[in-house]
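The next block holds one structure in the form of structure tokens; read it before the comments.
This structure is a prediction, so every number in the text was calculated from the model and none was measured.
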Amino acid sequence: CFNNDSTTTSSGHDYHTCLETDAGGTFYYVSPTGLHRVSRDGSRHETIAAGWRNPNGLSVGPRGEITVAPQEGEWTPASQICEVRPGGWYGYPGPRRTSERSLGYDPPLCWIPRHADNSTGGQVWVSGGRWGPLDGQLLSLSFGRSSLALVLRDASGGVPQGAFVPMKGRFLSGAMRGRFRPHDGQLYVTGLMGWVTNGIADGCFQRVRYAGGKVYLPTSISFHQNGIRIGFAEPLDHDAAKDPGSYAVEVWGYRYSEAYGSEEYSVAHPDRVGHDPVAVRSATLLEDQRSVFLEVPAIRPVMQMHIRASLRARDGAEVSFDAYPTINALGPGLEVETEPPVEVANAADGTDAPDAQELASEAVALNATDKPRGLVLTFTDPRTGATDARVSRLAALGEAVAQYLKEGIFPIVLGGGHETSYGHFLGYVGAQKPCEILNWVRGEQFQEQDGFSIIEPSEPMVYVNPIKQARAVRAQAEEL
């Protein structure tokens with residue numbers, strides 16, 4: 001026996017997974033009880049850090065960096081990637097506050113919004129020297145989205161933090177593990193089906209190959225007391241880069257609690273669901289022509305930021321991306337000769353136009369009071385009153401259905417319940433296809449939004465024999 005110091009239980013999620021090694025041959029794996037290290041000869045076993053819910057991702061970097069990715073749920077308000085420090089506590093199943101851990105947990109390298117990755121797989125470091133400008137970068141695999149993302153790390157604030165940048169392309173199944181093969185220096189990925197994923201195959205074994213062309217992606221990011229610096233692989237077009245209108249920035253937070261997941265809450269008004277827009281005063285293309293500095297006067301640490309950019313490279317190619325940073329601490333301000341800010345004309349009555357903070361507050365208030373669009377399902381535990389946010393994870397199913405509809409393929413569902421129905425409804429919304437939802441009871445049409453008729457029962461839901469009711473339901477649909 002190499003080592004038998006590990007313990008396990010009969011719990012349904014007590015997986016021991018992600019066996020990795022560092023440069024010295026030491027072994028690492030992760031389980032619900034923590035991140036564990038085993039000496040190369042098997043004689044020593046120790047737990048380095050803990051506090052992850054159903055961890056399903058682990059990596060060991062070229063300089064000994066270790067990342068772990070848990071799954072959203074109780075005390076885990078959203079997907080996340082943690083850069084581990086020895087003795088760290090990452091929040092599950094509850095806070096452990098100390099003088100150095102005021103939040104009750106050590107913050108992650110980055111939080112990940114549900115629509116970007118609802119279930120994180122493993123991480124892998126680019127190695128082998130055959131991936132061009134991405135060599136040495138950290139990648140994250142998504143089981144829920146069957147996709148790949150860049151994870152840009154920033155050490156300017158003295159603590160782990162960074163940004164999650166989705167890359168184009170989809171795997172056939174939920175991506176779980178990846179390795180760079182020394183023989184050809186390319187990435188090989190394995191995946192599978194399971195819980196909530198937009199994968200279409202039971203499993204996959206696929207290669208991601210760098211073809212040698214130009215890479216129009218951000219490759220670095222850092223957060224400072226006066227703004228954000230973003231580096232790129234290719235030189236940028238000056239006019240597009242210096243236009244503040246080329247960038248849109250917003251922020252929000254999550255609620256760390258025993259509830260399953262979290263809504264996205266306004267930072268300015270933490271009791272309200274919504275995002276806060278953040279003004280970019282100026283944008284400056286730096287001397288290397290591959291870096292942009294965004295002057296953001298209102299920047300501060302935040303759980304989740306979203307940066308959307310639409311730029312051009314100097315060769316005319318499109319450079320568009322979404323980045324989802326987490327800012328845990330701000331580094332020193334950068335001395336940058338910024339472009340002059342865009343002037344805002346006075347209001348028609350002669351008074352000064354509202355400043356960015358006022359506009360942001362008004363927008364937050366408006367978003368918070370608007371009624372939800374479309375069909376909204378909420379689940380509440382009758383014992384604790386806790387709200388279950390898992391319904392939002394069905395966006396992954398909706399995304400897959402929408403793609404089929406856009407290609408002229410009509411889905412036929414054999415079996416499934418309310419979650420399956422709602423996921424398909426989201427697909428029709430995404431594909432902009434007309435849709436009607438019928439309940440197997442006498443009902444009446446109560447609203448129509450965006451071309452989607454929704455029918456709600458006028459009496460409590462009952463279950464009936466669908467064969468006996470087929471003609472009645474068909475007639476009801478034809479009347480609508």
Side-chain angles (χ1 to χ4, degrees), residues 15 17-20 54-59 67-72 79-81 110 112-128 130-132 134-135 137-152 163-181 183-213 215-217 320-324 393-407 409 411 423-424 426-427 430-431:
Y15 308 121
T17 187
C18 300
L19 185 64
E20 303 282 349
N54 301 343
N56 186 37
L58 166 67
S59 78
T67 66
V68 171
Q71 302 294 296
E72 175 191 345
S79 296
Q80 60 185 267
I81 298 173
C110 62
I112 309 172
R114 197 173 293 118
H115 65 268
D117 184 4
N118 62 309
S119 184
T120 308
Q123 295 84 58
V124 57
W125 295 79
V126 180
S127 60
R130 297 191 183 180
W131 259 44
L134 299 187
D135 190 53
Q137 295 280 3
L138 175 63
L139 304 175
S140 179
L141 299 168
S142 171
F143 168 76
R145 296 296 181 189
S146 308
S147 61
L148 183 67
L150 270 174
V151 182
L152 304 179
F164 184 89
V165 183
M167 299 174 67
K168 295 180 180 180
R170 288 286 185 272
F171 297 106
L172 292 175
S173 195
M176 292 288 284
R177 302 290 179 262
R179 286 289 188 276
F180 277 86
R181 185 184 180 206
H183 176 73
D184 61 3
Q186 306 303 328
L187 174 63
Y188 289 78
V189 174
T190 60
L192 52 81
M193 289 281 277
W195 178 219
V196 179
T197 175
N198 65 358
I200 60 174
D202 287 338
C204 70
F205 177 51
Q206 295 178 270
R207 181 181 67 181
V208 183
R209 181 172 62 90
Y210 174 56
V215 175
Y216 300 103
L217 284 171
S320 297
F321 67 91
D322 291 276
Y324 299 95
R393 295 163 64 95
L394 299 177
L397 174 57
E399 183 179 282
V401 172
Q403 185 61 40
Y404 283 127
L405 292 170
K406 291 176 181 178
E407 296 175 1
I409 301 172
H424 280 74
L426 293 178

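Residues in residues 164-178 take part in these salt bridge (Lys or Arg N to Asp or Glu O under 4.0 Å) pairs, two or more places apart or across chains: Arg170-Glu399. Within the structure, salt bridge (Lys or Arg N to Asp or Glu O under 4.0 Å) pairs that include any residue of residues 188-204 do not occur (at least two apart or interchain).
Taking both residues in full, the closest heavy atoms of Ser173 and Ala201 are given as OG-O, 2.9 Å, listed atom of the first, atom of the second, then distance. Taking both residues in full, the closest heavy atoms of Phe205 and Thr190 are given as CD1-CG2, 3.7 Å, listed atom of the first, atom of the second, then distance. The two atoms that bring Ser146 and Gly199 nearest to each other are OG-N, 3.3 Å, heavy atoms only. Minimum heavy-atom separation, Ser140 to Val151: CB-CG2, 3.8 Å. In plain terms, the two heavy atoms of Asp117 and Ser79 that are nearest each other are O-OG, 3.1 Å. Contact detail for Val124 and Gly178: the closest heavy-atom pair is CG2-O, 3.6 Å.
Residues satisfying the side chain to side chain donor-acceptor pair (under 3.5 Å) test with Gln123, not counting sequence neighbours, are Thr67. With sequence neighbours left out, the ring-ring contact (aromatic ring centres under 6.0 Å, His included) criterion links Trp125 to no other residue. With sequence neighbours left out, the side chain to side chain donor-acceptor pair (under 3.5 Å) criterion links Arg130 to no other residue. For Asp135, the salt bridge (charged side-chain N to carboxylate O under 4.0 Å, His left out) test picks out no residue, with sequence neighbours left out.
Atoms CG and OG, from Leu139 and Ser59 in turn, are 10.0 Å apart once rounded to the nearest 0.5 Å. To the nearest 0.5 Å, the span separating CZ on Phe171 from CD1 on Ile200 amounts to 13.5 Å. If you take OG1 on Thr17 and CG on Leu58, they are separated by 8.5 Å, rounding to the nearest 0.5 Å. Expressed to the nearest 0.5 Å, how far CZ of Arg209 lies from OH of Tyr188 amounts to 9.5 Å. To the nearest 0.5 Å, atoms CG (Leu150) and CG (Leu148) are separated by 7.5 Å. Note that CG of Asn198 and CG of Asn118 are 8.0 Å apart. Values are rounded to the nearest 0.5 Å.
A tilted orientation is assigned to the rings of Tyr324 and Phe164, their planes being inclined by 30° to 60°.
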Query - Chi angles and distances behind the side-chain contact (heavy atoms from CB on, under 4.5 Å) call for Gln206, Leu187 - result: CA-CA 8 Å; Gln206 295 178 270; Leu187 174 63; over 6 Å; no

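Between Ser119 and the options Arg145, Arg114, Gln71, a side-chain hydrogen bond (donor to acceptor under 3.5 Å, both in side chains) holds for only Gln71.
The side-chain heavy atoms of Val208 and Met167, taken from C-beta on, include no pair separated by under 4.5 Å. Residues Val215 and Trp131 have side chains not in contact (no heavy-atom distance under 4.5 Å, counting atoms from C-beta outward).
Of the possible polar contacts, one joining the Gln186 side chain to the Asp184 backbone as a donor-acceptor pair under 3.5 Å is found.
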